[in-house]
Structures are given as structure tokens and as C-alpha cells.
J.: 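Here it is, the structure, as C-alpha cells.
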Amino acid sequence: MNEHRLIAAPVNCRADRPDAIEQSFVVDCPSRLLFEQIADKWSMMILTVLDRGPLRFNAIKRQLGGITQKALTQTLRRLERNGLVTREVIPVSPVAVEYRISPLGRSLQTPFKALYAWTVDYLPDVEKARTAFDERSAG
């Protein structure tokens with residue numbers, strides 16, 4: 001998927017429509033692409049890690065078990081392009097790069113924290129549902 005394409009919002013994708021929530025998932029709606037980019041597991045985790053303060057690339061990587069260097073690089077670039085993260089080159093020898101959450105990115109912290117709290121609160125219910133599903137599927 002080309003993440004850098006520019007799309008004119010179709011009429012049925014405009015946020016000022018009363019049915020905007022229902023219409024926001026049409027395939028060519030720019031909000032759908034943005035939703036896909038910020039709801040991505042690595043994006044959410046990176047923004048959560050950066051909420052504590054600015055970090056260098058390897059410090060972020062150490063806190064995100066399982067992320068590859070390529071995935072981290074791509075996600076940081078996408079977050080920077082969307083204005084959710086800022087990248088600062090620090091003129092030391094060797095040159096270092098520090099990432100920090102932007103004010104726009106910080107605006108996502110309340111919904112992210114609510115989603116995380118939901119996962120903690122409802123994990124036992126989800127595990128019961130999984131067990132029940134697996135038992136039904138096995139028989």
C-alpha cells in the first residue's frame with residue numbers, strides 16, 4: 001500500500017456529515033488510512049513509550065520486545081510524517097537522533113490509556129471467551 005498518496009476526500013467521507021462515523025471506512029477515505037496508521041500495534045506502543053520522555057532509537061527498540069529495526073524505522077517515519085513524533089538530530093560525535101512525542105501525538109494518550117486500561121480490565125473475560133471458543137472448535 002502506498003502510504004504517501006494524496007487523496008481528495010470523497011463526498012461520503014466528509015467529517016461534517018451527520019453519518020460521518022459510518023462513512024469513515026470507505027476505501028478511499030483519508031481518515032481510514034490515518035486510522036490504520038495510528039491503530040497499528042507498533043505506533044501505539046511507540047507513542048506510549050515516548051510519553052515518558054524523548055528517547056533515542058535504540059532505547060525505543062529495547063523497550064519494544066520483538067520489533068525489528070526495519071519496522072521501528074518505518075513506524076517512526078510514518079509517525080513523524082503524520083506529525084505525531086518529532087525527530088531531532090543531536091550534534092554530538094557520533095551524531096545521535098532523539099525522538100519525542102509531539103503535542104498532536106500527546107493528544108492520543110488519553111484514548112490509548114483508556115484502551116490499555118480496557119485490555120487489563122477485560123482480559124479475564126477475553127480469556128474465558130477464547131477458552132470457550134477453542135473448546136467449541138476442538139469438538
Side-chain angles (χ1 to χ4, degrees):
M1 173 170 24
N2 182 358
E3 296 174 2
H4 299 284
R5 67 180 186 248
L6 294 176
I7 302 171
V11 173
N12 64 349
C13 180
R14 293 183 18 217
D16 60 345
R17 290 176 48 106
D19 61 345
I21 296 297
E22 292 81 15
Q23 296 298 322
S24 64
F25 294 112
V26 294
V27 72
D28 56 350
C29 184
S31 65
R32 177 176 167 165
L33 179 59
L34 179 59
F35 182 79
E36 289 171 0
Q37 291 178 354
I38 61 175
D40 164 80
K41 71 176 177 179
W42 295 127
S43 295
M44 294 178 77
M45 289 184 206
I46 290 169
L47 289 171
T48 300
V49 166
L50 290 176
D51 189 45
R52 298 180 209 131
L55 292 170
R56 292 183 182 182
F57 183 92
N58 285 327
I60 298 169
K61 191 172 185 311
R62 280 192 297 274
Q63 293 189 41
L64 299 175
I67 193 167
T68 64
Q69 184 164 335
K70 180 180 178 182
L72 180 55
T73 299
Q74 289 174 340
T75 306
L76 284 167
R77 283 185 182 154
R78 189 171 53 245
L79 291 170
E80 183 181 8
R81 183 171 185 267
N82 286 324
L84 305 176
V85 165
T86 60
R87 179 182 182 270
E88 180 184 354
V89 177
I90 303 167
V92 294
S93 183
V95 174
V97 176
E98 188 174 75
Y99 295 89
R100 75 178 62 237
I101 193 168
S102 71
L104 183 59
R106 195 163 299 288
S107 71
L108 285 167
Q109 294 310 304
T110 298
F112 282 1
K113 287 176 182 176
L115 181 59
Y116 180 74
W118 184 92
T119 64
V120 171
D121 292 345
Y122 289 95
L123 182 59
D125 296 322
V126 171
E127 287 176 339
K128 286 179 194 171
R130 288 174 178 167
T131 299
F133 177 88
D134 292 346
E135 287 171 357
R136 285 191 313 272
S137 297

J.: For side chain to side chain contact (heavy atoms under 4.5 Å, CB included), just list the numbers for Leu79 and Ile101, CA-CA rounded to whole Å, side-chain angles, deciding distance to a tenth of an Å, and then say yes or no.
T.: CA-CA 9 Å; Leu79 291 170; Ile101 193 168; over 6 Å; no
J.: Looking at CZ of Arg87 and CZ of Arg81, how far apart are the two atoms once the value is rounded to the nearest 0.5 Å?
T.: 16.0 Å
J.: Should Phe35 and Leu104 be counted in the same cluster of Ile, Leu, Val, Met, Phe, Trp and Tyr side chains packed under 4.5 Å apart?
T.: no
J.: Are Leu108 and Trp118 connected into the same hydrophobic cluster when the rule is that any two of I, L, V, M, F, W, Y join if their side-chain heavy atoms are below 4.5 Å apart?
T.: no
J.: Let me confirm one number: the CG-CZ distance from Leu72 to Arg77, rounded to the nearest 0.5 Å.
T.: 10.5 Å
J.: Okay, side chain of Thr131, backbone of Glu127: is any donor-acceptor separation there less than 3.5 Å?
T.: yes
J.: Measuring from Gln63:CD to Ile46:CD1, what's the distance to the nearest 0.5 Å?
T.: 11.0 Å
J.: Please report the interatomic distance OG1(Thr48) to CZ(Phe112), rounded to the nearest 0.5 Å.
T.: 6.5 Å
J.: Rounded to the nearest 0.5 Å, what separation is found between the CE atom of Met44 and the OG1 atom of Thr75?
T.: 13.0 Å
J.: How long is the straight-line distance from CZ of Arg106 back to CG of Leu84, given to the nearest 0.5 Å?
T.: 12.0 Å
J.: Measure across Gly83 and Ser102 and return the closest heavy-atom pair with its distance rounded to 0.1 Å.
T.: O-OG, 2.5 Å
J.: Do Val95 and Tyr99 belong to the same hydrophobic cluster, where Ile, Leu, Val, Met, Phe, Trp and Tyr are linked whenever their side-chain heavy atoms lie under 4.5 Å apart, directly or via other members?
T.: yes
J.: Under 3.5 Å, side chain of Asp40 to main-chain N/O of Trp42, donor-acceptor pair present?
T.: yes
J.: Shared ILVMFWY cluster between Val126 and Tyr116, side chains joined below 4.5 angstrom?
T.: no
J.: Determine the minimum heavy-atom distance between Ala71 and Thr68, stating which atoms define it.
T.: N-OG1, 3.0 Å
J.: Work out which heavy atom in Ile90 is nearest to a heavy atom in Glu98; give both atom names and the distance.
T.: CD1-CB, 3.6 Å
J.: Hydrophobic cluster membership, with links at side-chain heavy-atom distances under 4.5 Å among I/L/V/M/F/W/Y: are Val89 and Phe57 in one?
T.: yes
